[in-house]
Amino acid sequence: MTRTHYKPLFRSTIGFDSLFDFLEGAMTNETATPSSYPPYNIEKFDDDRYIITMAVSGFIKSELEVVVQESRLMISGSPRKTQEEGVYLHKGIASRAFQQTFNLADFMEIDHVALDNGLLRIFLSKHVPESKKPKKLEISEDTLSGKRTEKRLLSSE
């Protein structure tokens, strides 16, 4: 298997060290792969709104926990231990503990969490502050600072 090296990209990027470490780990199977239990969907509505829907049938609200810490969303469930009654001929409904972790992009926020009919829905949206949004700068031809720089360059020749 060919290993991908991201070191050349460090020359043109700033602040993405953890992303490249994650990608390198994923290429070498050093990071844990997400579990398929419980099943979930990730829906994108537009560039800034998402919903994670997780099938958690059999869990009640008090058995579920949704935690955001920095740029990580952790969802876990721990069913209460109940004494099983009867003998199962087939047991296809899982009732085991789980933990799912999602890495969130910058400025992603959890807007709302809802549990309805065995589906846990997490509504997320990106809220980029005005100070972080791109802004177009006007280029002028004759500024005072530009003339000073021009004079300084001419006098140093």
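Along the sequence shown, residues are numbered consecutively beginning with 1. These numbers come from a predicted model, not from an experiment.
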Arg80 backbone acceptor or donor facing Glu63 side chain under 3.5 Å: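 Yes, Glu63 side chain to Arg80 backbone: donor-acceptor pair under 3.5 Å.
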Side chains of Leu64 and Val113, heavy atoms from C-beta outward: is any pair under 4.5 Å?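 SC-SC contact between Leu64 and Val113 ruled out.
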Heavy atoms, side chains only, cut-off 4.5 Å: are Ile110 and Val66 in contact? no
Check the hydrophobic clustering (I, L, V, M, F, W, Y; side-chain heavy atoms under 4.5 Å; chains of links allowed) and say if [X] and [Y] are grouped together.
| X | Y | result |
| --- | --- | --- |
| Met54 | Ile51 | no |
| Tyr37 | Leu73 | yes |
| Leu120 | Ile42 | yes |

Check the orientation of Phe123 and His112. Use parallel for under 30°, tilted for 30 to 60°, and perpendicular for over 60°.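 Phe123 and His112: tilted rings.
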Considering all heavy atoms of both residues, which atom of [X] and which atom of [Y] are nearest to each other, and what is their separation?
| X | Y | result |
| --- | --- | --- |
| Leu115 | Lys61 | CD2-N, 3.7 Å |
| Val56 | Pro38 | CG1-CG, 4.2 Å |
| Arg72 | Thr101 | NH2-CG2, 3.1 Å |

Contact list for residues 41-71, test ring pair (Phe, Tyr, Trp, His ring centres under 6.0 Å), sequence neighbours left out: Phe59-Phe98
Around atom CD of Gln69, are there more than 12 heavy atoms of other residues, nucleotides or ligands at under 6.0 Å?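 Result for CD/Gln69: open.
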Testing Asp47, Asp48, Asp46 one by one against Lys126 for a side chain to side chain contact (heavy atoms under 4.5 Å, CB included), which residue passes? Asp48
How long is the span from the CD1 atom in Ile75 to the CD1 atom in Ile122, to the nearest 0.5 Å? 3.0 Å
